[in-house]
Amino acid sequence: MRRLNIMVVDDSNITIRKMTKMLEDLGHHVTYAAVNGAKAVEEYERVRPDLVTMDITMPDMDGIEATRRIMAKDENAVIMVVTSHGQEQMVMDAIEAGAKGYVLKPVKPEKLKEHLEAVVEKYLT
Amino acid sequence: MGTDAINATRLLDILSTRTSRFFLEELGIAAEEAEREIEDAQKLNLRSLTSIMGASGELRLYLAYSFDEPLINRAFEAYASDIEVAEDERDLFVEETAAEIINIIAGNALADYNLEGPVISLSPPIIISEAKHLMRHKSAKFSSARLVTEHGDLNIHLIGPKHLFDQRLEYKE
């Protein structure tokens with residue numbers, strides 16, 4: 001898999017750090033980390049990542065709305081949501097908003113790799 | 001517990017099981033339920049750090065995970081073992097560990113509780129970093145499970161109905 005420039009969106013700093021470590025261990029580069037959906041939307045066009053990992057449950061602007069707004073800016077944006085198993089409806093809402101895939105918490109490196117590869121193969125090759 | 005439809009015993013069963021599994025598999029901490037009160041607890045003891053999520057939909061209540069300080073410190077050390085954390089970040093990251101624990105466990109537990117029911121959504125977690133007591137009055141109902149570990153205790157509280165309380169579990173006027 002080629003090296004991706006990735007934006008990580010999560011309201012938890014510890015989760016951003018853990019996700020960044022996993023992604024960089026997989027050979028990717030985290031170019032920007034946003035602590036809420038509004039910041040992700042604001043910075044998206046400047047950063048222009050290959051892929052966004054998007055938490056769903058966030059204050060101010062949740063991941064579904066942020067996905068919708070980023071897709072409005074860039075219809076080719078590749079967004080992968082990160083959430084818990086019980087939030088299937090939210091995953092479906094995010095997919096409807098334009099997300100291309102999802103990974104369930106707790107996120108593990110092998111699971112993240114598998115989901116990333118699936119999204120990359122379908123949308124980034 | 002906020003609505004007649006909620007089965008507090010079943011929800012606590014699921015949360016307790018999920019919590020023990022998460023602590024063992026993700027944090028390497030053995031946790032076992034030692035005590036439970038269903039809907040008739042008169043007082044809740046919030047320990048040194050408490051993470052709270054509000055549930056809406058069928059479950060109109062607050063879920064709270066309340067940690068003894070040594071336990072949440074140990075949980076943080078395990079959860080953050082693969083990353084570097086500066087000393088001045090530690091307090092924030094300990095609080096965020098508590099938030100992530102309830103976020104992950106409660107989110108996954110809803111899948112077990114509400115297999116075919118209507119959507120239940122969860123608010124982002126908030127943290128209370130002070131020990132305090134919450135007395136039961138008005139029409140509030142408290143249910144609680146206490147899990148014990150070698151590093152201290154964790155209480156799982158169900159607090160409802162939700163409309164009686166603000167996000168920090170203070171009674172609304």
Side-chain angles (χ1 to χ4, degrees), chain A residues 8-26 30 33-40 53-66 81-96 102-113, chain B residues 11 14-15 18 21-23 25-27 51 53-57 59 63 75-86 89-127 167:
Chain A
V8 174
V9 187
D10 202 298
D11 61 324
S12 165
N13 292 282
I14 193 168
T15 302
I16 287 175
R17 184 111 13 124
K18 285 171 72 73
M19 184 67 86
T20 298
K21 172 80 164 52
M22 278 186 268
L23 290 166
E24 292 187 346
D25 285 350
L26 291 172
V30 174
V35 292
N36 59 54
K39 196 71 184 167
T53 68
M54 179 75 76
D55 185 25
I56 289 188
T57 307
M58 293 184 287
D60 301 328
M61 184 189 294
D62 66 27
I64 297 167
E65 181 61 23
V81 294
V82 181
T83 191
S84 300
H85 183 48
Q87 304 292 291
E88 278 100 344
Q89 183 59 49
M90 287 187 172
V91 171
M92 289 168 67
D93 291 346
I95 298 288
E96 201 169 290
Y102 66 94
V103 61
L104 295 176
K105 293 182 177 183
V107 179
K108 296 288 183 57
E110 58 277 14
K111 191 163 69 177
L112 181 61
K113 181 172 186 280
Chain B
L11 184 53
I14 292 166
L15 287 167
R18 282 264 182 195
R21 193 188 310 162
F22 180 90
F23 269 65
E25 292 176 359
E26 304 296 327
L27 307 174
S51 49
M53 297 184 90
S56 57
L59 286 183
L63 306 171
F76 157 73
E77 285 162 11
Y79 193 62
S81 62
D82 55 343
I83 57 171
E84 289 185 15
V85 179
E89 296 175 315
R90 184 183 166 93
D91 289 349
L92 171 66
F93 278 35
V94 168
E95 290 188 0
E96 289 189 342
T97 299
E100 277 303 287
I101 287 172
I102 191 172
N103 194 13
I104 294 169
I105 296 172
N108 286 314
L110 291 182
D112 301 341
Y113 181 81
N114 198 41
L115 286 176
E116 295 174 356
V119 176
I120 296 171
S121 58
L122 292 168
S123 65
I126 70 152
I127 298 294
Q167 275 195 316

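Bear in mind the structure is a predicted one, so any value in this text is a computation, not a measurement. Convention: sequence-line order gives letters A, B, ...; per-chain numbering from 1. Any value given below was found using the heavy atoms of this structure, including those in side chains, with hydrogens, waters and symmetry copies removed.
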Participant: Under a 4.5 Å heavy-atom cut-off, does chain A meet the side chain of B:Phe76, its backbone, both or neither?
Facilitator: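 Just the side chain, heavy atoms under 4.5 Å.
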Participant: So which part of A:Lys18 gets closer than 4.5 Å to some heavy atom of chain B, the side chain, the backbone, both or neither?
Facilitator: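 A:Lys18 touches chain B through backbone and side-chain heavy atoms alike.
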Participant: Which one, B:Thr97, B:Val85, B:Leu122, B:Ile126, leads in non-hydrogen pairs under 4.5 Å with chain A?
Facilitator: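 Maximum pair count with chain A is reached by B:Leu122.
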Participant: Could you grab the distance from atom CG of B:Asn103 to atom OG1 of A:Thr83, nearest 0.5 Å is fine?
Facilitator: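 Rounded to the nearest 0.5 Å, the CG-OG1 separation comes to 7.5 Å.
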Participant: Which heavy-atom pair separates A:Met58 from B:Pro124 by the least distance, and what is that distance?
Facilitator: C-CG, 3.6 Å
Participant: Would you check if the side chain of B:Glu96 reaches a backbone N or O of A:Ser12 as a donor-acceptor pair within less than 3.5 Å?
Facilitator: no
Participant: Please look at B:Glu95 and chain A and tell me whether the side chain, the backbone, both or neither of the residue comes under 4.5 angstrom of a heavy atom of that chain.
Facilitator: neither
Participant: Considering all heavy atoms of both residues, which atom of B:Ser123 and which atom of A:Thr57 are nearest to each other, and what is their separation?
Facilitator: C-CG2, 3.8 Å
Participant: With a 6.0 Å cut-off (strictly less than), is the heavy-atom count around CD of A:Glu110, excluding the residue itself, greater than 12?
Facilitator: yes
Participant: What's the shortest heavy-atom distance between A:Arg17 and B:Phe93, and which atoms?
Facilitator: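 In terms of heavy atoms, the two residues are closest at NH2-CZ, 3.6 Å.
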Participant: A quick test of your reading: do over 12 heavy atoms of other residues, nucleotides or ligands sit less than 6.0 Å from CD of A:Glu96?
Facilitator: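 Atom CD in A:Glu96 is not crowded, with 12 or fewer foreign heavy atoms closer than 6.0 Å.
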Participant: Can you tell which of A:Ile14, A:Thr20, A:Ile16 makes a side-chain contact (heavy atoms from CB on, under 4.5 Å) with B:Ile83?
Facilitator: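 In the set A:Ile14, A:Thr20, A:Ile16, the residue that makes a side-chain contact (heavy atoms from CB on, under 4.5 Å) with B:Ile83 is A:Ile14.
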Participant: Is there a donor-acceptor pair closer than 3.5 Å between any side-chain N or O of A:Lys105 and the backbone N or O of B:Glu100?
Facilitator: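 Looks like no, no N/O pair under 3.5 Å.
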